[in-house]
Each structure stands twice: as structure tokens, then as C-alpha cells.
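Just below is one structure, and these are the notes that go with it.
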Amino acid sequence: MSRRRKLVLATHNPHKKREMSALLSHLGITIVGLDDFPQIGEIEETGTTLLENSLIKARTVHKITGLPALADDTGLEVDALDGAPGVYSARYAGKDPSYQDNVNKLLFELKGLKLEKRNARFRTVISYIDDNVELHSEGVIEGVITLESKGTEGFGYDPVFQPESYSCTFAEMNQDEKNLISHRARALEKMKKILEPYFDKGEYIG
Ligand code: IMP
């Protein structure tokens, strides 16, 4: 009898869990979230790069659960702000800000700048860890920060991020549309391409 493989998504963010579960649904594995492991609280992101933070999250969850873990870390890089907020995107407006606080600060910092000077990109780094390997992938989407918030879907900076070649923000798209092009989807697609042959070789012990 075949044992269904398990993978823990190292995130407490229900939006991310939903997006990533949808994207991983074809891998034939059981995806579990941190809700199944209440002993794992907030994991402090003390790294100075997206890679370090994704590693911290994946390593912590793997160590506690003993299961293969997958973690992402995402940053919004705004050219006019020399790449800020970048790795500090979650805490841009201070300690424990709401999504709205972060969006408000970003719009304030860019006040008066025309659309053509508001280039930005989302960058996601994903780390996968099990007993045998640590694997990484990266996904990027270019776009602009809009002059005002638009849309109610998604989370975080979605209402002010308009992807290149689109006339609407991520928050004006449904999840399936966002998942076709997003930074996280691109990083996950690359990770899936690495994981599929790895799982097929049977070296995976989860
Ligand atoms: P983290 O990867 O959870 O640390 O996210 C860093 C910051 O970027 C948080 O403020 C998130 O809300 C935001 N963020 C992460 N992914 C997305 C996304 O797909 N859209 C909009 N904001 C995001």
C-alpha cells in the first residue's frame, strides 16, 4: 500500500497557505499547515536576506515536526526607495503593523511620484528541507506601485501592486489569476520541477 507523502507549509498566513496549497495540489502529497502544530508559534524572522528567513522558517518547522517543510519569504522592492522595504516588508510601518499600515506608509513615501517612477517587484525565495536536502528557488514579478489602493482580494501589498502588462492590481484579481503570474507561483513552479524528480527517486522520507 502506498503511503501518502506529507509536507508542512511553514506559514501561519492563511492567504499564503491557500495560494501555495492550490499550486502544489498536483504533486500528489498531503499538504499540512501550522494549524496542525499549535506548539509552533510565530517564528522570528531574524535574517537579513529572503533566503536566510525562508531557511530559518523551514529549518524550525522541520526540526519540530520531523516532516519535510517548505517555507517562503517575500519582499517588495521599490526602485525609488532603493529596494526598500525588501526583506523588511512585513515590518515596514513599525512593530506588528496591519497590512493597511504598511500600504499607507508605502503610498506616503511615494507621494507625488508619477506612475513611471514607481517601478517595483515582488521577490519570493522558497526553501524546502527534509532529512537529506535543503533546496531553494526564487520567483520575481515586475510591476508598479499604483497611486492608490485598488481591489479587495489577496493580502499585504496586493491592493497597490500592478503587475507589468496588466491594468489591474493583484487585489483586483482572483486567486487563480494571481497564481498564474505571481512571484510565489513562479518560485513554487521552479521548486516543483526540482521536487518531482527528487520524490520520484524515492529519496524522500516524509
Ligand atoms: P513574508 O514573506 O510573510 O515575511 O511577507 C513579507 C511582507 O510582504 C508581508 O507584509 C506580507 O504581507 C507581504 N507579502 C508577502 N507576499 C505577498 C503577496 O503575495 N502579495 C502582497 N503582499 C505580500
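Atoms within a ligand are numbered from 1 in the order they appear, just like the ligands themselves. Just so you know, residue 1 is the first one in the sequence shown, and it goes up from there.
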| task | Answer with yes or no whether the hydrophobic clustering places Ile126 together with Leu55; edges join I, L, V, M, F, W, Y residues whose side-chain heavy atoms lie under 4.5 Å apart. | result | no
Expected contact list for ligand 1 at under 4.0 angstrom, heavy-atom basis, is Lys16, Glu45, Asp73, Thr74, Ser89, Ala90, Tyr99, Asn102, Phe122, Phe155, Gly156, Tyr157, Asp158, Lys178, His183, Arg184
- Does Arg121 offer a backbone N or O that forms a donor-acceptor pair with the side chain of His183 under 3.5 Å? no
Using the side-chain contact (heavy atoms from CB on, under 4.5 Å) rule, take Leu81 and Tyr92 through it: C-alpha gap first, then chi angles, then the decisive distance, then the call. CA-CA 12 Å; Leu81 302 175; Tyr92 189 41; 3.4 Å; yes
With a 4.0 Å cut-off on N to O distance, would you call Glu45 and Lys57 a salt bridge? yes
Below 4.5 Å, heavy atoms only, C-beta onward: do Leu195 and Ile29 meet side chain to side chain? no
Notebook entry, point to check: Taking it one step at a time, do Val87 and Thr48 satisfy side-chain contact (heavy atoms from CB on, under 4.5 Å)?
Noted result: CA-CA 7 Å; Val87 71; Thr48 55; 5.6 Å; no
